[in-house]
Amino acid sequence: MLLEARELSVSYGRTQAVQNLSLKIEAGEIVTVLGANGAGKTSLLKALQGVVRPAAGDVVFKGASILGRSAARRVADGLVLVPEGRQIFVSLTVHDNLLMGAYTRSERPDREIEAIYERFPNLAQRRDMPASVLSGGEQQMLAIGRALLSRPALMMLDEPSLGLSPLLVKALFTLISELNRDGLSILLVEQNTHMALATAHRAYVLELGRLVLEGDASSLASDPRMAEAYLGA
Ligand SMILES: Nc1ncnc2c1ncn2[C@@H]1O[C@H](COP(=O)(O)OP(=O)(O)OP(=O)(O)O)[C@@H](O)[C@H]1O
Ligand SMILES: [Mg+2]
């Protein structure tokens with residue numbers, strides 16, 4: 001098992017954002033976490049990332065509890081989040097944004113950056129421009145490229161398709177499949193249920209912080225309870 005959340009709870013004061021949630025990701029999997037606005041998806045990712053301390057439960061990564069590890073240490077260990085809204089540095093160049101992804105490493109990441117440019121030619125053309133000139137889709141590619149430079153074992157993506165045109169959404173999910181085929185394990189939080197279930201192997205559905213459905217992505221795609229989970233929220 002690559003990552004396990006065990007009976008995890010996240011609270012903000014009296015708001016229980018995640019309640020007693022257990023989920024697993026095996027090496028090689030794409031697992032998607034679905035749910036309406038406020039279901040607790042980002043809170044779950046923040047707890048896994050280490051920026052929010054869970055109120056209860058455990059997070060086990062590569063066989064060991066990581067609750068005591070800082071967020072930076074978790075990145076160095078291979079647990080990397082591409083946050084909601086991308087959060088790239090718009091005043092830095094594209095190239096410097098990519099370099100930020102390799103800040104935990106001592107050797108120069110030149111070869112890996114070239115590989116990122118080969119994968120994303122639009123980024124290569126704009127490598128010396130400020131990231132503010134990038135389109136929404138290009139910014140998402142930059143955020144993913146930066147995360148790849150951290151050499152993740154598990155990449156977590158928080159609503160990467162948000163705000164992208166249908167064409168770019170399709171390209172994004174194709175990229176996610178390709179990265180997975182190259183060996184990357186992926187935890188994908190999405191509101192684009194249709195595309196997420198078409199791309200992932202397994203899925204978990206949250207409603208108001210609680211797990212209400214889990215299973216193979218293909219069987220959940222045709223499960224009538226999927227619609228209920230969204231209407232109920
Ligand atoms: N920093 C915070 N302080 C207080 N309450 C918060 C905080 N962050 C989130 N919440 C609350 O926790 C609950 C879960 O929020 P969360 O952002 O995890 O949901 P989400 O599934 O990611 O939603 P969205 O799809 O809108 O991104 C919501 O009720 C939200 O209002
Ligand atoms: Mg969110």
Side-chain angles (χ1 to χ4, degrees), residues 3-25 30-59 61 66-67 70-71 74-75 79-88 136-137 139-140 142-144 146-147 152 154-166 168-169 172-173 176 186-200 202-215 217 220-221 223 225-233:
L3 180 94
E4 235 187 302
R6 293 184 183 157
E7 301 180 354
L8 199 67
S9 295
V10 176
S11 305
Y12 307 100
R14 269 179 292 166
T15 306
Q16 292 221 301
V18 176
Q19 294 183 50
N20 203 30
L21 178 75
S22 295
L23 64 76
K24 295 176 179 184
I25 299 156
I30 304 176
V31 170
T32 187
V33 172
L34 306 170
N37 286 313
K41 307 180 297 295
T42 298
S43 300
L44 166 67
L45 292 184
K46 285 182 171 170
L48 300 177
Q49 180 197 17
V51 300
V52 161
R53 180 179 290 277
D58 201 358
V59 178
F61 185 57
I66 57 168
L67 278 188
S70 68
R74 294 182 202 199
V75 171
L79 184 58
V80 178
L81 174 69
V82 180
E84 198 171 15
R86 291 140 212 171
Q87 297 179 20
I88 58 169
Q139 290 189 5
Q140 188 58 266
L142 178 58
I144 291 173
R146 185 179 63 186
L154 178 64
M155 185 186 279
M156 307 187 284
L157 296 154
D158 195 355
E159 302 206 32
S161 76
L162 201 68
L164 299 187
S165 69
L168 287 177
V169 169
L172 171 75
F173 280 97
I176 289 170
I186 295 171
L187 176 57
L188 174 64
V189 160
E190 263 297 337
Q191 288 204 46
N192 189 331
T193 307
H194 179 73
M195 289 299 283
L197 289 177
T199 307
R202 290 188 306 109
Y204 295 87
V205 182
L206 301 187
E207 191 183 322
L208 299 175
R210 289 201 179 82
L211 182 64
V212 290
L213 278 174
E214 66 176 287
L220 281 184
D223 192 320
R225 290 174 299 170
M226 277 300 300
E228 280 169 36
Y230 282 84
L231 294 173

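Counting starts at 1 for both ligands and their atoms, in listed order.
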Exercise for the section: Considering non-hydrogen atoms only, spot the tightest contact between F173 and S161 and give its length. Expected result: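 Of all heavy-atom pairs spanning F173 and S161, the closest is CE1-CB, 4.0 Å.
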
Exercise for the section: Could I get the full list of salt bridge (Lys or Arg N to Asp or Glu O under 4.0 Å) partners for R74, not counting sequence neighbours? Expected result: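 Salt bridge (Lys or Arg N to Asp or Glu O under 4.0 Å) list for R74, sorted by chain: empty.
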
Problem - Qualifying residues under salt bridge (Lys or Arg N to Asp or Glu O under 4.0 Å), relative to R210, sequence neighbours excluded - result: none

Exercise for the section: May I ask you to check whether T42 brings an N, O or S atom to under 2.8 Å from the Mg ion (ligand 2)? Expected result: yes

Problem - Crowding at CD, Q87 (>12 non-hydrogen neighbours, <6.0 Å) - result: yes

Handout entry: Side-chain donor or acceptor of T32 paired with backbone N/O of L188 under 3.5 Å
Key = yes

Exercise for the section: List, ordered by chain and residue number, the protein residues whose closest non-hydrogen atom lies under 4.0 Å from any atom of ligand 1. Expected result: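 Those residues closer than 4.0 Å to ligand 1 by some heavy atom are Y12, T15, A17, A36, N37, G38, A39, G40, K41, T42, S43, E84, E159, Q191.
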
Under 3.5 Å donor-acceptor pairs involving side-chain atoms of residues 39-54, not counting sequence neighbours:
from	atom 1	to	atom 2	distance (Å)
K41	NZ	G35	O	2.9
K41	NZ	A36	O	2.9
T42	OG1	E84	OE1	3.1
T42	OG1	D158	OD2	2.7
S43	OG	Y12	OH	2.8

